[in-house]
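Every heavy atom of this structure was used, including side-chain atoms; hydrogens, water molecules and symmetry mates were not.
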Amino acid sequence: MEKPQNGEKEELKASICGYDSLHRLLKDNLNPHHFQEVSRLLTGLNGGKALETIALPESATALSVEHGFDLQAFSFCADKELLREPRVVRVGLIQNSISLPTTAHFVDQKKAIFEKLKPIIDAAGSSGVNILCLQEAWMMPFAFCTREKRWCEFAEPVDGESTKFLQSFAVKYNMVIISSILERDINHGEVIWNTAVVIGNHGNIIGKHRKNHIPRVGDFNESTYYMEGNTGHPVFETAFGKIAINICYGRHHPLNWLAFGLNGAEIVFNPSATVGELSEPMWPIEARNAAIANSYFVASINRVGTETFPNAFTSGDGKPAHADFGHFYGSSYVSAPDASCTPSLSRNRDGLLVTDMDLNLCRQVKDKWGFRMTSRYELYVDTLARYVKPDFEPQVISDPLLHKKSS
């Protein structure tokens, strides 16, 4: 038997018992009836049935085979209405590993990522994707664990190299593209931000959103490079629907999700970079819960692979010095407001997930469950207004007998 090569070893190490996703593990090891029931519980039902797959054009599948990326496609339906036509939008999510070692010249690293993404973006375009979202800081290694400032050289203006690279695809394919970059704010002291740029389907820059919540957990030492964003919770009205971007760590904050919903988002994208040891049990839950609670679609994207850096680092957690974050486990997926979700992309390979979604489902779920109608915002705002004051006292009613001495 031939020994696996380095790349194969990495994929095997990052697999789940030799499988690149939980969905594939279950499908291959359960009988069809059991798999159907398990899938019903894990991924829900859309319109009372399992999600349908989409047949993509041969041009897209050929690119997937040639370049070795995972390609999956699904469709969310909504009930037919008498007064509104269906509002079907095709969304694409790209997850990828870096292309060169982090020791390579920075210019070469960025160019190699551009080259890697070209065929995947072409596959999305040839598949008729209307809105495409890339992972967090897609144009560089996720070096924010190191605390080394030389990685700041990857930062660029909103209209910089990465945006220009994607603008040509936006025009070519009539596609809105969400690009999460390390931003250099030239007009404000060259400060750095973690920013998502929204490129319109005509190649124009519609706007930007800066990451609201910055992690200080484990190796995620991001506040060494940038602080909390200052753009609020914007919703961008595009040719294909109202969209918002909840960048990475913001998915752990329910009020962050809520604010995008209150501003009218129909699809919220969550471009991320997160590793298995830290967050993988949370990954299938948080975005799906947000979609349910806020009656919108959520598209979750995570990068892939293990990125090793030249110098070992520590994070004050007692662990020995190490040179990598851990494994970025991919597993990108889409959640719907009716509690259904797609299977995830591969845990260890680049991938493109294509999803049709009828945005009419958002209002239909609001009407069915009444979450907006039954919310008590006046109570929440009162509690929050008191909580942010220095003299806040929790509303706790103690049992009067709790501290009474027994006779």
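Partners of Lys149 under the salt bridge (charged side-chain N to carboxylate O under 4.0 Å, His left out) rule, at least two apart in sequence or in another chain, do not exist in this structure. Residues passing the side chain to side chain donor-acceptor pair (under 3.5 Å) test with His202: none are found, sequence neighbours excluded. Here Asn263 pairs with nothing under the side chain to side chain donor-acceptor pair (under 3.5 Å) rule; sequence neighbours left out. Under the side chain to side chain contact (heavy atoms under 4.5 Å, CB included) criterion, Asp185 pairs with Glu183, Asn187, His188, Trp193, Arg210, not counting sequence neighbours.
With rounding to the nearest 0.5 Å, the separation of CG in Leu166 from CD1 in Ile205 is 10.5 Å. The distance from atom CD of Glu277 to atom NE2 of His327, rounded to the nearest 0.5 Å, is 13.0 Å. Taken to the nearest 0.5 Å, the CG atom of Leu117 stands 9.0 Å off from the CG atom of Leu132. Distance CD/Glu266 to OG/Ser295: 12.0 Å, rounded to 0.5 Å. Summarising the geometry, atom CG belonging to Asn360 is positioned 11.5 Å from atom SG belonging to Cys77; distances are rounded to the nearest 0.5 Å. The CG atom of Asn96 sits 11.5 Å away from atom CG of Leu345, with the distance rounded to the nearest 0.5 Å.
Pairs passing the salt bridge (charged side-chain N to carboxylate O under 4.0 Å, His left out) check and including a residue from residues 224-240, sequence neighbours excluded, read Arg216-Glu228. Counting only residues at least two apart or on different chains, the ring-ring contact (aromatic ring centres under 6.0 Å, His included) pairs with a member in residues 64-83 are Phe76-Phe297. Within the structure, the ring-ring contact (aromatic ring centres under 6.0 Å, His included) test picks out the following pairs touching residues 22-62 (sequence neighbours left out): His23-Phe35. Within the structure, every pair that satisfies the salt bridge (charged side-chain N to carboxylate O under 4.0 Å, His left out) test and touches residues 294-303, not counting sequence neighbours, is listed here: Arg303-Glu307. Listed by first then second residue, pairs satisfying salt bridge (charged side-chain N to carboxylate O under 4.0 Å, His left out) with a partner in residues 72-81 read Glu81-Arg84, not counting sequence neighbours. Screening residues 112-135 for ring-ring contact (aromatic ring centres under 6.0 Å, His included), with sequence neighbours left out, gives Phe114-Trp138, Phe114-Phe165.
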For residues 120-128, please give each side-chain donor-acceptor pair under 3.5 Å, one per line with the distance, not counting sequence neighbours.
unit_1 : atom_1 : unit_2 : atom_2 : d
Asp122 : OD1    : Tyr173 : OH     : 2.7
Ser126 : OG     : Ser59  : OG     : 3.4
Ser126 : OG     : Asp122 : O      : 3.2
Ser126 : OG     : Ala123 : O      : 3.1
Ser127 : OG     : Ala123 : O      : 2.7

Under 3.5 Å, which donor-acceptor pairs do the side chains of residues 243-252 form with other protein atoms, sequence neighbours left out?
unit_1 : atom_1 : unit_2 : atom_2 : d
Asn246 : OD1    : Asn256 : ND2    : 2.7
Asn246 : ND2    : Gly250 : O      : 3.3
Arg251 : NH1    : Cys248 : O      : 3.0
Arg251 : NH1    : Ser272 : OG     : 3.3
Arg251 : NH2    : Thr274 : OG1    : 3.4
His252 : ND1    : Glu286 : OE1    : 3.1
His252 : ND1    : Glu286 : OE2    : 2.6

Assess the residue pair Thr342 and Gln72 against the criterion (side-chain hydrogen bond (donor to acceptor under 3.5 Å, both in side chains)); give the C-alpha distance rounded to whole Å, side-chain angles, the decisive distance to 0.1 Å, and a yes or no. CA-CA 9 Å; Thr342 68; Gln72 298 185 48; over 6 Å; no
CA sep, side-chain torsions, deciding dist, call: Lys116, Ser97, side-chain hydrogen bond (donor to acceptor under 3.5 Å, both in side chains): CA-CA 9 Å; Lys116 168 178 270 202; Ser97 60; 2.8 Å; yes
Under the side-chain hydrogen bond (donor to acceptor under 3.5 Å, both in side chains) rule, what do Ser332 and Gln95 come out as? Steps first, then yes or no, please. CA-CA 7 Å; Ser332 303; Gln95 64 177 42; 2.8 Å; yes
Derivation and outcome, side-chain hydrogen bond (donor to acceptor under 3.5 Å, both in side chains), residues Asp324 and Thr306: CA-CA 7 Å; Asp324 67 78; Thr306 301; 5.6 Å; no
Does Phe260 form a ring-ring contact (aromatic ring centres under 6.0 Å, His included) with His209? I'd like the steps, not just the answer. CA-CA 12 Å; Phe260 291 119; His209 173 56; 5.6 Å; yes
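Side-chain polar atoms of Ser331 and Asn302 form no donor-acceptor pair below 3.5 angstrom. Between the side chains of His233 and Asn212, at least one donor-acceptor pair of N or O atoms lies under 3.5 Å. A side-chain donor from one of Glu156 and Ser162 sits under 3.5 Å from a side-chain acceptor of the other. Inspection of the Ser279 and Tyr329 side chains reveals an N or O donor paired with an N or O acceptor under 3.5 Å.
Between Leu42 and Leu26 there is a side-chain heavy-atom pair separated by less than 4.5 Å. Taking 4.5 Å as the limit, some side-chain heavy atom of Cys152 sits within range of a side-chain heavy atom of Ile192. A heavy-atom distance below 4.5 Å is found between the side chains of Ile54 and Asp356. Looking only at side-chain heavy atoms (C-beta outward), Leu255 and Leu384 come within less than 4.5 Å of each other. Side chains of Ser64 and Asp70 form no contact here, defined as non-hydrogen atoms less than 4.5 Å apart. Using a 4.5 Å heavy-atom threshold, the side chains of Val91 and Val129 count as separate. Considering only heavy atoms from C-beta on, Asn204 stays 4.5 Å or farther from Ile199 through its side chain. Using a 4.5 Å heavy-atom threshold, the side chains of Leu262 and Tyr377 count as touching.
Under 4.0 Å is where a charged nitrogen must lie from a carboxylate oxygen, and between Lys164 and Glu161 no such pair does. With salt bridges taken as basic N to acidic carboxylate O contacts below 4.0 Å, one links Asp20 and Arg349. A salt bridge links Arg347 to Glu280: one of the charged nitrogens lies within less than 4.0 Å of a carboxylate oxygen.
A distance of 6.0 Å or more separates the ring centres of Phe309 and Phe325.
Within a 6.0 Å sphere centred on CG of Leu82, other residues, nucleotides and ligands contribute 12 heavy atoms or fewer. Remark: Glu378 CD is packed, more than 12 non-hydrogen atoms of other residues, nucleotides or ligands lying under 6.0 Å away. Under a cut-off of 6.0 angstrom, the local environment of CZ in Arg147 is crowded, with over 12 non-hydrogen atoms contributed by other residues, nucleotides or ligands. More than 12 heavy atoms of other residues, nucleotides or ligands lie within 6.0 Å of NZ in Lys366, so this atom counts as buried by the packing criterion.
Ring geometry, Phe106 versus Trp151: the interplanar angle falls under 30°, so the pair is classed parallel (tilted spans 30 to 60°).
Counting only distance, with no hydrogens or angles, the side chain of Gln109 and the backbone of Ala104 share a donor-acceptor pair below 3.5 Å. In this structure a side-chain-to-backbone donor-acceptor pair under 3.5 Å is present from Asn294 to Ala290.
The two residues Leu63 and Pro119 make their nearest non-hydrogen contact at CD1-O, 3.6 Å.
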